[in-house]
Amino acid sequence: MPTTLTNTPVRKKTEQLLNGLCSGLYEREQSIKLALLSAVAGESIFLLGPPGVGKSLIARRLKYAFRDGTSFEYLMSKFSTPDEIFGPVSIKKLKEEDRYERQTKNYLPSANIVFLDEIWKAGPAIQNALLTILNEKIYRNGGEDYKVDIRGIITASNELPPGNSSLDPIWDRFLIRLEMGNIRQFKNFLNMITDTKDVYEDDVPEDVKLTVNELEAWSKEIDAIEVPAEVLNTIQVVKIKIEEHNARSAGADRLIDVHDRRWKKIVRLLRTSAFLNGRSKVDLMDCFLMVHCLWSQPQQTDKIREIVTEAIRRHGYTMAVNLQMIKRETQDFEEDVDREIRVRHTVTEEQLQPIKDEYYELVKEDDKFDGVLLSVKQFNQLQLDTPQVTNFYDREFNLVNRLKAQKSSQLFTVEVFYNSERYAYPLRTRKAERTEVITKKPHHIVQQHWDERHQRLMAYITQQEEKIHSHAPDELNHLQDNLFVHKDHSEVVTRNLEEVREALEQLKLRLEKVQYAYTNI
């Protein structure tokens, strides 16, 4: 019996961790989830929002996810010094050993979880050291490099870094970027302000907390998570759509700037999401996490969400089964058969020439009566040898005569009765071309080739249907259970899968029609 998501050890432990970390919080679950995800992935997260919305709370709660976890928290200002962040210089070592080395205990280099508020106020000396930690998890203390055991770096501010500033390299290192605001639902707001629970209390059981050895083992397993074709194709489409958006955008502030390194880190994040969800491969639900990784300005979020959602809906499984290629080959097959079995030639013929689509004109060489036009509708109602009262109009479409008339045995001719006499008037016509199609049976060698082509295309479509049927049901069973992506997004994935299935069925029907066309002549 296959293992379900709910009982895999990693999935179960992640759920317990999140339940403990989110206990007593209101509308901050997504922030905690993404913070834990980024920490396990070895990445950092930036929280954008005004004071008082719980940014520091996220960091303080996150440290409870780690056994023996220690945290370092600091509010930056333009007067902050490296001593306050990385520790004071050891006077003893400076005097006795002539070594410039900091005492890092209880400071950032010795912490597991780091929270730096108002990060953009940091000075150049702090920025340079912090950049090395973000890049390589290494802190240079004096003349030696030390590997830091920082599992999660959370930074926050109520503003973005100034444009074209020296802070751009640090900004680029924050893989997840999340806007935080006040509580929206009034019920949650009332519960929050009346709740007496200590929000800084550790609600994570000790046996659930993560250890260093566990994280190292997980890291290797995360690297082995499969990234299937539908996910890679979706990422490719998102990248292309962003480039197209940038080509159309005017002004650097509207550009969605994503470098290759960020794409690589995004894939690592998606792998981490799949692993913590108890899966062996990334799925399309994980791809929605890209929305939190691609924006540089908050106003870009809606556009990025639109791009990611559309890529998943229209191209997820579509490109994985190479649907466009099958459609092209089927169309080529249809056109090939049509050209061979249907011979077309053009015939020139006389056709009635309507005036304003409502009248036919009598070709008259006399002026026995004034009317020169009759309505198309009345002409179509005329019969042979059965005169009917008919309206005739002048060239200004005024009714001038009501006379009996009937169709003539001569083509495109009307007979009019006037003063007890019968006069035959041809109707004005025009030369028109018409295409006639003659069906012919194909040569048996050609038909044999078509049969082989039909069989090959049908076999490929059947193979793709079986491929979807074999792995998609398992994926569909847990679309709504993703720990880091809201279940509402599952409708997008499901819609794409159903559209691909329907498209494959339509292609099979088209192929059957083609085969019927050339075998039943």
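The first residue in the sequence is number 1, and the count goes up from there. From a predicted model like this one, the values you see are computed outputs, not experimental measurements.
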Side-chain (Ser80) to main-chain (Met76) donor-acceptor, under 3.5 angstrom: no
Check: Gln480 side chain, Asp488 main-chain N or O, donor-acceptor pair, under 3.5 Å: no
Pairs satisfying salt bridge (charged side-chain N to carboxylate O under 4.0 Å, His left out), at least one member in residues 29-47, at least two apart: Glu43-Lys265
Identified side-chain contact (heavy atoms from CB on, under 4.5 Å) counterpart of Phe46 within the set Thr155, Ile176, Leu175, Leu116: Thr155
Side-chain donor/acceptor of Lys487 to backbone N/O of Asn482, under 3.5 Å: no
Enclosure of Tyr200 OH (heavy-atom neighbours >12, cutoff 6.0 Å): yes
Side chains of Asn277 and Thr14 in contact at under 4.5 Å (non-hydrogen atoms): no
Contact check, side chains of Val238 and Leu294, non-hydrogen atoms, under 4.5 Å: yes
Basic-acidic side-chain contact under 4.0 Å: Arg501, Glu505: no
Qualifying salt bridge (charged side-chain N to carboxylate O under 4.0 Å, His left out) pairs, either residue in residues 69-80, two or more places apart: Arg60-Glu73
Exam field: side chain Arg262 to backbone Phe174, donor-acceptor pair closer than 3.5 Å: yes
Lys/Arg-Asp/Glu bridge criterion (N-O < 4.0 Å) met for Lys241, Glu244: yes
Side-chain heavy atoms of Ile153 within contact of Ile133, under 4.5 Å: yes
N/O donor to acceptor pairs below 3.5 angstrom from side-chain atoms of residues 85-95, sequence neighbours left out:
from: Ser90; atom 1: OG; to: Lys93; atom 2: N; distance (Å): 3.3
from: Lys93; atom 1: NZ; to: Glu101; atom 2: OE2; distance (Å): 2.8

Closest heavy-atom pair and its distance - Ser44, Leu134: OG-CD2, 3.9 Å
Presence of salt bridge, Lys508 and Glu512, under 4.0 angstrom: no
Lys/Arg-Asp/Glu bridge criterion (N-O < 4.0 Å) met for Arg61, Glu201: no
Polar side chain donor-acceptor pair, Gln506 to Glu502, under 3.5 angstrom: no
Glu15 (side chain) donor-acceptor with Lys12 (main chain) under 3.5 angstrom: no
Heavy-atom side-chain proximity of Thr234 to Leu284 below 4.5 angstrom: yes
Partner residues of Asp145 under the side-chain hydrogen bond (donor to acceptor under 3.5 Å, both in side chains) criterion, sequence neighbours left out: Arg140
Residue pairs, two or more places apart or on separate chains, that pass ring-ring contact (aromatic ring centres under 6.0 Å, His included) and touch residues 51-85: none
Flag, side chain of Glu27 to backbone of Gln185, donor-acceptor distance under 3.5 Å: yes
Residues, nucleotides or ligands: over 12 heavy atoms within 6.0 Å of Lys105 NZ: no
Side chain Asp195, main chain Asn191, donor-acceptor under 3.5 Å: no
More than 12 heavy atoms of other groups within 6.0 Å of Glu243 CD: yes
Electrostatic pair Lys121:Glu118 at N-O distance under 4.0 angstrom: yes
Expected output: side-chain Ser110 to main-chain Asn106 donor-acceptor under 3.5 Å: yes
Heavy-atom side-chain proximity of Arg67 to Leu210 below 4.5 angstrom: no
Flag for Asn496-Arg313: side-chain donor and acceptor within less than 3.5 Å: no
Donor-acceptor contact present, side-chain Asn158 to main-chain Pro50, <3.5 Å: no
Any side-chain heavy-atom pair of Asn112 and Ile150 under 4.5 Å: no
Neighbour count above 12 (heavy atom, 6.0 Å) for Lys239 NZ: no
Pairwise side-chain contact, Tyr100 with Asn141, heavy-atom cut-off 4.5 Å (strictly under): no
Salt bridge (Lys or Arg N to Asp or Glu O under 4.0 Å) partners of Asp223, counting only residues at least two apart: Arg268
Test side-chain hydrogen bond (donor to acceptor under 3.5 Å, both in side chains) applied to Asp83 - qualifying residues, sequence neighbours left out: Arg102
Sequence neighbours excluded, every pair satisfying salt bridge (charged side-chain N to carboxylate O under 4.0 Å, His left out) that has a member inside residues 286-302: Arg279-Asp286, Asp302-Arg305
Lys147/Asp149 salt bridge by N-O under 4.0 Å criterion: no
Check against salt bridge (charged side-chain N to carboxylate O under 4.0 Å, His left out), Arg271 and Glu221: CA-CA 9 Å; Arg271 280 187 162 123; Glu221 294 184 62; over 6 Å; no
Backbone of Asn128 reached by a side-chain donor or acceptor of Thr132 within 3.5 Å: yes
Sequence neighbours excluded - salt bridge (charged side-chain N to carboxylate O under 4.0 Å, His left out) pairs with any residue from residues 209-219: Lys13-Glu214, Asp202-Lys209
Residue list, side-chain contact (heavy atoms from CB on, under 4.5 Å) with Pro298, at least two apart or on another chain: Leu48, Leu160, Glu179, Trp295
Qualifying residues under salt bridge (Lys or Arg N to Asp or Glu O under 4.0 Å), relative to Arg261, sequence neighbours excluded: Asp172
Distance-only side-chain donor-acceptor flag, Asn135 / Arg173, under 3.5 Å: yes
For Phe115, ring-ring contact (aromatic ring centres under 6.0 Å, His included) partners two or more places apart: none
